[in-house]
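The structure appears below as structure tokens.
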Amino acid sequence: MPGLVSIKTPPETPALRISVSDENHGRNGPGSSRSEQVNPKTNSPAPRRPPSPSTSRAKPSPDRSSGKKKSPPEKVEIDESSLDNPDLGPFLLKLARDTIASGEGPNKALDYALRAAKSFERCAVDGEPSLDLAMSLHVVAAIYCSLVRFDEAIPVLETAIKVPEVSRGADHALAAFSGYMQLGDTYSMLGQLDRSIESYKEGLKTQMEALGDTDPRVAETCRYLAEAHVQAMQFDEAESLCKKTLEIHRVHSPPASLEEAADRRLMALICEAKGDYELALEHLVLANMAMIANGQETEVATIDVGIGNIYLSLSRFDEAVFSYQKALTVFKSSKGDNHPSVASVYVRLADLYYKTGKLRESRSYCENALRIYAKPVPGTTPEDIASGLMEISAIYELFNEPEEALKLLLKAMKLLEDKPGQQSTIAGIEARMGVMFYMVGRYEEARSSYENAVTKLRASGERKSAFFGVVLNQMGLSSVQLFKIDEAAELFEEAREILEQECGHCHQDTLGVYSNLAATYDAIGRVDDAIEILEYVLKLREEKLGTANPDFNDEKKRLAELLKEAGRSRNKNPKSLENLIDPTSKRTTKKETSSKKWSAFGFRS
């Protein structure tokens with residue numbers, strides 16, 4: 001039975017490479033695919049180390065690997081009335097393939113592919129789904145993506161998905177699976193991670209129905225979906241899928257296989273993000289042993305960097321230095337002194353030396369990395385440079401040099417602004433720029449940066465993440481500084497709702513939003529609501545968090561001042577916040593707000 005193979009393009013593959021499989025022939029080992037996509041998986045949206053790449057990638061088609069360009073096909077004039085000829089569709093698809101292979105350009109290929117799809121649609125037998133039609137639509141969508149016309153590719157793929165009937169057998173299941181995965185990648189390039197993940201889930205479901213739960217090809221799709229969850233910072237879902245991938249590979253792969261190593265690298269990234277550093281270290285050590293056994297020297301060095309990162313998080317500095325230096329030696333000998341991999345290790349060493357108080361060494365490593373990024377070697381991607389600049393910016397922020405950090409963030413953003421699928425990463429950069437602007441007192445620019453970040457995060461489906469809640473809180477603080485108090489209250493309310501859901505009531509970020517919301521309510525005259533919030537926060541601290549935190553005394557003092565002003569005593573049984581924040585409650589006018597004395601409360605970032 002033909003297999004279902006995850007459609008993925010290697011990160012190093014140029015964007016525009018489209019091939020159409022010949023009729024009755026597969027494209028990836030035992031599996032047969034009706035289409036091949038062109039858009040690669042996007043990098044992680046947050047400024048974090050990327051997940052370990054999957055070792056299972058689509059093999060190049062014969063046209064790709066031959067190394068020879070075909071001569072351009074002769075221009076063919078086609079009468080629209082001839083589209084009813086059943087032989088015309090396959091001929092037009094071949095023309096589309098040959099046009100791309102010759103390097104003549106995608107626009108002519110798009111014309112051929114659109115006519116092929118129209119021909120297959122006209123020639124389809126009533127009641128019989130046409131897999132040729134589905135294939136041609138996949139190719140049309142792939143060409144749209146190569147032209148960066150992602151919005152036009154989506155409806156084409158949505159139509160293609162409806163063509164096959166999975167119940168009719170493996171070929172139909174494969175066509176549906178290919179469509180879902182290609183649709184997911186297209187949404188990902190638009191930065192719509194929530195829709196991308198939903199499409200991948202549908203593809204995985206289709207694949208599992210056809211192949212069962214334990215097929216090795218299912219494992220590859222599970223890992224692909226897990227990587228998407230990591231990009232969306234949905235680490236619990238990613239961990240569950242990665243565990244399933246490991247279980248499948250234990251059954252079907254030999255011990256210490258490359259597949260298992262890739263799974264463990266991804267699992268280590270997930271564990272690190274969740275703060276389980278010891279388990280992350282265990283996975284990386286096992287992955288390292290597998291790579292050594294397979295003679296993958298460069299990959300061993302990459303994992304050594306990851307091991308160094310874990311040691312750094314565990315404050316095991318000597319072991320971290322040893323891991324970094326070992327990786328640095330390999331990268332210099334195999335890639336050269338000016339390769340971005342060398343720069344990335346310099347950045348890690350700069351971070352380590354800052355944390356150990358060796359500021360001179362830290363600054364020196366930052367400067368060495370910046371020299372490499374200023375004159376990148378051929379083949380260096382803008383994403384690699386931008387990622388390095390963001391990490392160096394964070395170190396300059398620790399040096400208390402916000403202006404220099406801002407310059408680096410601006411450079412990173414310019415490198416990514418024309419790249420599809422980087423909306424979430426750019427949103428993260430803009431959020432950090434907002435922090436920098438706020439630190440130097442440029443509140444209008446800070447609010448503008450936060451607003452841009454919020455807009456992008458809403459569009460990318462991250463409006464329910466903890467990061468989004470934190471950005472809303474920071475934007476609210478900027479609005480307070482600009483005396484836009486009503487706007488700040490709305491932002492704090494939305495941030496509170498998200499952080500309660502994602503982090504819980506007792507998390508420090510949630511408690512900070514409670515404090516800011518109470519201060520804002522006091523400023524706009526909602527004193528009773530401010531009192532209720534502070535009573536709720538103090539009750540949380542007394543019953544669950546303890547009173548040793550210095551914020552406890554500050555909040556208790558604030559509450560006492562408010563109660564004195566209101567002529568009340570403290571209520572030991574405050575009502576739930578779920579019933580407290582009422583969107584229909586009476587708001588004070590701008591005139592009333594301006595006439596009220598400014599709140600004595602402090603605000604927390």
Side-chain angles (χ1 to χ4, degrees), residues 9-16 38-51 53 145-148 150 185 188-193 231 302 305 331 335-336 338-348 350-351 365-397 401-437 445 448-457 459-460 462 467 471:
T9 304
E12 68 274 10
T13 304
L16 179 57
V38 298
N39 39 317
K41 198 77 177 67
T42 56
N43 292 328
S44 174
R48 63 175 71 250
R49 290 176 291 281
C145 289
S146 74
L147 293 167
V148 200
F150 302 110
D185 281 347
S188 180
M189 298 302 282
L190 286 169
Q192 298 179 21
L193 296 180
Q231 292 166 15
T302 303
V305 175
F331 285 145
K335 297 176 180 290
N338 296 316
H339 195 273
S341 297
V342 174
S344 69
V345 182
Y346 285 157
V347 175
R348 303 315 307 146
D351 187 29
Y365 276 116
C366 282
E367 291 169 354
N368 289 339
L370 285 173
R371 276 194 288 271
I372 293 175
Y373 289 132
K375 295 181 178 179
V377 297
T380 304
T381 66
E383 290 83 359
D384 287 338
I385 299 173
S387 176
L389 293 177
M390 285 187 280
E391 290 192 78
I392 298 171
S393 167
I395 298 173
Y396 275 108
E397 183 182 343
E401 297 181 19
E403 294 291 352
E404 188 63 30
L406 267 173
K407 290 178 184 177
L408 294 173
L409 289 175
L410 281 168
K411 287 181 181 178
M413 190 165 69
K414 287 180 181 178
L415 286 168
L416 297 176
E417 59 188 2
D418 295 329
K419 305 298 178 184
Q422 296 294 334
Q423 290 89 337
S424 294
T425 307
I426 294 172
I429 294 174
E430 288 174 327
R432 286 185 57 191
M433 288 176 62
V435 174
M436 298 293 100
F437 284 131
E445 291 168 283
S448 177
S449 291
Y450 287 132
E451 187 174 29
N452 291 337
V454 165
T455 300
K456 289 181 178 67
L457 291 170
S460 67
E462 292 189 46
F467 175 65
V471 175

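In this chain, numbering begins with 1 at the start of the sequence shown.
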Tell me every residue that passes salt bridge (charged side-chain N to carboxylate O under 4.0 Å, His left out) with E397, counting only those two or more places apart in sequence or in another chain. none

Under the rule for side-chain hydrogen bond (donor to acceptor under 3.5 Å, both in side chains), what residues qualify as partners of K419, not counting sequence neighbours? none

Do T425 and Q422 pair up side chain to side chain, a donor and an acceptor below 3.5 Å, judged on atom types alone? yes

Results of side-chain hydrogen bond (donor to acceptor under 3.5 Å, both in side chains) for E417 - residues two or more places apart only: none

Residues at least two apart in sequence or cross-chain that pass ring pair (Phe, Tyr, Trp, His ring centres under 6.0 Å) with F437, listed by chain then number, are none

To check you understand the geometry: which heavy-atom pair defines the closest contact between A427 and A453, and what is its length? O-CB, 3.4 Å

Is a donor on one side and an acceptor on the other found under 3.5 Å between the side chain of S344 and the backbone of S341? yes

How close do S393 and L409 get, counting heavy atoms only, and between which atoms? OG-CG, 3.2 Å

Would you give me the side-chain donor-acceptor pairs under 3.5 Å for residues 365-380, sequence neighbours excluded?
from, atom 1, to, atom 2, distance (Å)
N368, OD1, R371, NH2, 2.2
N368, ND2, S364, O, 3.4
T380, OG1, V377, O, 2.8

Shortest non-hydrogen pair, L193 vs S188, comes out as CD2-OG, 4.3 Å

Please confirm whether the backbone N or O of V435 pairs with a side-chain atom of Y450, one donor and one acceptor, at under 3.5 Å? yes

Shortest non-hydrogen contact between A412 and L389, atoms and distance: N-CD1, 4.0 Å

Counterpart residues, salt bridge (charged side-chain N to carboxylate O under 4.0 Å, His left out), relative to E430 (two or more places apart): K456

When rounded to the nearest 0.5 Å, the distance separating CD1 of I429 from CG of N452 is 12.5 Å

Nearest heavy-atom contact between M436 and A405 is SD-CB, 3.7 Å

Calculate, to the nearest 0.5 Å, the distance between atoms NE2 and CG belonging to H339 and D384 respectively. 8.0 Å

